[in-house]
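Proteins come first, then strands; the chains are lettered A, B, ... in the order of their sequence lines, and each starts at number 1.
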Amino acid sequence: MSYNHQEIEKKWQDKWEVEGLYKTDDNSDKPRYYCLDMFPYPSGAGLHVGHPEGYTATDIVSRYKRMKGFEVMHPMGWDAFGLPAENYAIKTGVAPEESIRKNIKTFRRQIKSLGLSYDWDREFATCDPKYYKWTQWFFLLLYKNDLAYKAKAKVNWCESCKTVLANEQVIEGKCERCQSDVIQKDLEQWFFKTTAYADRLLEGLDEIDFPEKLKSMQRNWIGRSEGATLEFSIKDTDETLEVFTTRPDTLFGATYMVLAPEHSLVDSLADKIENLDEVKSYIKTTLKKNEIERTDTTKEKTGVELKGLMATNPANGREIPIWIADYVLSGYGTGAIMAVPAHDERDYEFAKKFNLDIVEVISGGDIENEAYVGEGQIVNSGEFNDLDIEKAKVEITNHAKGELTVQYKLRDWLVSRQRYWGAPIPIIHCTSCGEVPVPEKDLPVKLPTDVDFKPTGESPLKSSEEFNKDVVCPKCGQSGEGVRREADTMDTFVCSSWYFYRYLDARNDQEFCSPDKIKKWMPVDLYVGGAEHAVGHLVYSRFFNKVLKDYTDYVDFEEPFTKLVNQGLILAEDGRKMSKSLGNVINPDEVVEEYGADTLRMYEMFMGPLEDQKPWDTKGIVGIKRFLDKVYVFVTQYTEDRKDQSFKEAHEKENDQVKIAIEKTVQKVTHDIEEMKFNTAISAMMEFINLVYKTKDEIEDPVIESEMQWIASSTVARLLIILSPFAPHLSEELWQKLGHQESVFKESWPEFDEALTVEEEVEVAVQINGKVRGKIMVKAGSAEEEVVKEAKQVENVQKHLEDKKIKKAIYVEGRLLSLVV
RNA sequence: GGGCGAGUGGCGGAACUGGUAUACGCGUUGGACUUAAAAUCCAAUUCCUAUUGUAUAGGAUUGAGGGUUCGAGUCCCUCCUCGCCCACCA
């Protein structure tokens with residue numbers, strides 16, 4: 001028998017909405033809990049089965065916390081700026097504004113069909129001027145505090161998307177979005193100074209509950225290394241060459257230097273280079289290579305010597321040659337290195353190939369055959385011989401008049417984009433005043449509608465009449481030719497770096513959020529989303545929060561997210577990633593229609609641990625559906641039986657097994673929700689229902705005529721409450737059938753009595769020499785001797801004990817008896 | 001190359017601080033219901049061996065090998081495989 005999920009689910013969704021059951025009360029004096037999902041980009045494809053996975057997890061936690069007495073903040077919104085909508089506009093001419101509104105409508109309908117308990121009053125889209133006004137405000141906040149700047153720099157450029165990209169958006173040298181090669185271009189661009197927070201971004205990781213994996217990704221990305229900056233003079237010139245090294249202790253072993261092909265020294269000392277043509281042609285070839293070819297570690301090292309130039313090793317005055325090679329990166333350190341072939345694998349390989357000197361300065365290795373990077377004694381280093389390595393680092397740096405410094409891999413965040421569908425950067429360029437920030441009162445700087453979407457490499461805003469008319473310099477009042485707006489827009493990640501504050505006060509047009517609300521709700525208690533945001537969004541948001549803390553009174557805490565969980569990817573049935581081109585995408589709408597939202601929710605939670613990657617199995621869904629049907633039948637039959645009140649008192653003599661089982665089930669489900677182990681919580685409820693059905697068949701009490709009378713009403717109630725976060729519609733329906741007027745979600749989470757879960761008799765396994773030979777039932781709390789005595793009665797145990805002496809007996813209370821013979 | 005994680009039935013996966021491995025679900029097989037099929041319900045289901053059989057007994061088993069222990073999926077060592085992330089970061 002199957003219940004009508006379509007009817008039930010629609011009915012309750014409407015009712016919950018009318019009653020405003022999930023509205024969050026800002027003035028509640030209950031303890032608060034902020035439970036956040038990563039808001040989606042509303043793509044044209046609609047919801048994917050990956051979305052309900054994370055959303056159901058947070059919904060279960062939210063509903064659970066509410067019943068536990070918390071006031072829960074559980075909002076949803078739209079990350080609505082971004083390239084897909086703009087690319088769609090280029091293809092079809094449909095304005096991004098229009099297509100994104102449509103997509104949001106679809107997303108909202110789909111999400112609502114899942115019965116998620118969001119407070120929709122707090123919904124917003126980042127493309128709404130009322131929202132991006134504050135994105136622009138954040139830009140100005142950074143700008144005012146010297147954390148936003150425009151600079152000419154080598155930047156990542158995607159020729160196909162016609163825009164620059166942040167480092168985080170370049171994956172293996174390719175554009176994250178379109179997979180085409182990313183090239184380096186010298187361009188004036190806007191940056192946020194994330195590097196100023198490198199150390200605090202690193203330190204903060206210690207105090208937050210993020211997956212270890214994610215933390216190590218962030219640490220890696222920030223890439224802090226301690227070392228020294230050293231200066232090498234260049235013979236017969238005024239120039240010096242600055243390098244960064246993590247091994248200043250090996251300075252005496254530096255036998256040559258290497259510059260990155262982009263290094264400026266080649267230009268400034270061009271007239272001294274004897275083989276300039278050769279050098280130039282080498283530089284030309286390497287610059288033509290793409291990122292992958294250049295950073296391929298398996299290829300043989302290449303390089304060319306700058307003949308005519310010699311550097312001086314500041315430690316010992318030795319003159320050493322200068323080379324140029326593409327194994328040195330221009331973007332890290334100073335773009336130049338001192339090469340210590342004896343103690344660095346890359347330098348060793350290079351030195352071997354080009355026959356350069358290899359001088360051992362740390363003993364303990366075999367530098368005839370390979371570079372030695374381990375610990376050892378300092379040798380060949382004059383007065384510093386025999387110092388320990390850490391000490392030598394400091395003293396040799398001093399000796400060479402260098403400086404101990406720290407380097408990071410993290411780069412400043414490139415935030416400008418030469419595209420239309422983003423928040424305009426609120427800056428005005430004036431011929432007499434230069435760069436002038438738009439005054440706060442003039443925000444938002446609105447996106448125009450009269451644009452040609454075709455990307456040209458310049459922002460479409462540049463040629464918009466609407467955008468550029470009547471621009472006045474806020475500083476000198478000049479207008480006309482000499483004044484123009486910044487035409488670049490911001491990376492969408494700027495919009496998503498602060499959205500979690502906005503939910504708290506989504507309609508505020510005086511501030512991005514009132515400080516009171518931030519004080520009440522932040523930091524976020526639980527944040528659930530995909531792992532793909534490890535080094536992008538999650539670093540940026542942490543950066544924003546720290547900036548707010550340093551320069552405003554809005555926040556007084558370091559970290560915006562207390563706990564973060566990554567939901568694992570749901571793969572297609574064939575074990576591959578779901579993708580449109582493979583035709584293996586599962587549409588949640590169809591699952592909801594056929595099996596119901598409760599079934600979809602529970603199935604996704606039942607598939608396996610939330611964090612794990614796991615394949616979809618359409619056949620597996622029926623297992624959940626069968627379970628919910630069983631619950632439905634059980635409760636409806638129970639309520640039918642109970643209509644005859646005369647049975648009520650006489651037969652509230654619940655079967656002992658069931659009595660114990662419900663305590664255990666409540667305990668297990670409570671514990672598992674706390675740990676976010678939803679799959680095992682569900683199996684515990686399944687086991688309980690299986691037991692009820694089994695017991696029902698066994699009951700042979702002449703007085704009991706109906707099937708379910710023997711179940712205590714409190715047992716049924718508790719089952720429905722613990723099921724309700726998982727299957728809200730069905731639980732609510734059955735709750736009403738039990739005769740309740742109020743929603744099940746207004747109930748308190750049930751307590752459990754641990755004492756009641758203790759069984760009087762326990763099964764104890766009897767092991768002989770580590771092998772289970774029998775099982776006995778003993779009274780709980782029996783003494784060891786008694787259990788041994790009991791065990792000896794078992795035939796099979798006797799057989800194995802024959803003619804043998806028990807050397808040792810170990811009894812584990814209520815579990816097992818281990819006999820050694 | 002480096003870092004992190006994981007290998008348990010036909011499949012997804014359980015197993016608390018070392019204590020009865022394979023819970024729960026799918027699938028499969030058999031049965032009930034049905035004119036029949038689907039759906040549903042009931043039962044069996046790690047593998048091997050023995051007994052005609054119910055049932056029982058014995059053995060093996062958590063990627064491979066070794067170790068610690070009365071006892072190891074869990075702890076330690078060596079190795080293999082897979083996944084993810086980073087990748088010439090000086």
Side-chain angles (χ1 to χ4, degrees), chain A residues 1-2 171-172 211-217 219-221 223-225 227 243-247 250 254 258 260 294-299 301 325-329 331-340 343-347 349-350 407-410 531-532 534-535 568-569 573 575 603 606-609 611-624 626-627 629-630 633 668 671 675 677 679-687 689-690 693-694 697 763-775 796 799 807-821:
Chain A
M1 185 179 153
S2 192
I171 310 293
E172 287 181 358
E212 258 328 298
K213 193 174 153 172
L214 196 145
K215 285 191 187 182
S216 77
M217 276 167 76
R219 287 194 184 104
N220 230 299
W221 186 257
R224 181 192 153 100
S225 31
V243 300
F244 173 75
T245 176
T246 52
R247 295 297 302 274
T250 63
V258 189
R294 261 193 79 170
T295 58
D296 180 6
T297 49
T298 57
K299 72 159 198 230
K301 296 221 169 352
D326 67 358
Y327 82 90
V328 173
L329 307 173
Y332 184 76
T334 62
I337 62 156
M338 65 177 213
V340 185
H343 306 291
D344 181 280
E345 280 160 18
R346 298 151 300 180
D347 298 345
E349 189 194 331
F350 193 81
Q407 276 291 326
Y408 301 93
K409 283 196 240 178
L410 184 73
E532 67 273 18
V535 293
L569 202 63
E573 302 208 51
Y603 173 63
F606 185 63
M607 289 169 76
E611 309 80 17
D612 286 12
Q613 201 172 85
K614 47 217 172 256
W616 181 266
D617 177 17
T618 296
K619 277 188 298 207
I621 299 173
V622 303
I624 295 288
R626 283 175 191 154
F627 163 71
D629 283 337
K630 277 184 182 176
V633 168
K668 172 96 179 131
H671 175 260
E675 306 268 304
K677 288 158 87 177
N679 53 333
T680 48
I682 293 170
S683 32
M685 292 188 277
M686 286 174 165
E687 280 179 82
I689 280 292
N690 290 346
Y693 273 77
K694 217 177 128 204
D697 294 338
E763 191 183 60
V764 170
V766 182
Q767 284 188 350
I768 294 163
N769 287 350
K771 286 213 157 61
V772 179
R773 295 301 178 186
K775 288 167 189 180
N796 199 38
K799 208 167 87 193
K807 270 200 268 180
K808 199 172 175 185
I810 295 149
Y811 177 55
V812 183
E813 172 89 42
R815 283 192 175 270
L816 132 168
L817 175 71
S818 181
L819 300 173
V820 189
V821 296

Touch class at under 4.0 angstrom, heavy-atom based, for A/Val328 against every strand present: base
Touch class at under 4.0 angstrom, heavy-atom based, for A/Asn690 against every strand present: sugar-phosphate
Proximal nucleotide (of B/C41, B/C24, B/U20) relative to the A/Ser683 side chain: B/C24
Base B/C16 to side chain A/Arg815, donor-acceptor N/O within 3.5 Å cut-off: yes
Nearest-neighbour nucleotide for the A/Thr680 side chain, B/G27, B/C70, B/A14 considered: B/A14
Polar side-chain contact A/Lys213-B/C85 base: donor and acceptor under 3.5 Å: no
Interatomic distance where OH belongs to A/Tyr603 and C1' belongs to B/C26 [whole Å]: 8 Å
Sugar-phosphate, base or nothing in reach of A/Arg773, heavy atoms under 4.0 Å: sugar-phosphate
Touch class at under 4.0 angstrom, heavy-atom based, for A/Gln613 against every strand present: sugar-phosphate
Sugar-phosphate only, base, or nothing, as touched by A/Lys668 at under 4.0 Å among non-hydrogen atoms: nothing
Neighbour count above 12 (heavy atom, 6.0 Å) for A/Glu611 CD: yes
Heavy-atom donor-acceptor pair, A/Lys213 side chain to A/Pro211 backbone, under 3.5 Å: no
Closest to the A/Phe606 side chain, choosing from B/G12, B/C41, B/A90: B/G12
Phosphate OP1/OP2 of B/A14 contacted by A/Asn679 side-chain N/O (<4.0 Å): yes
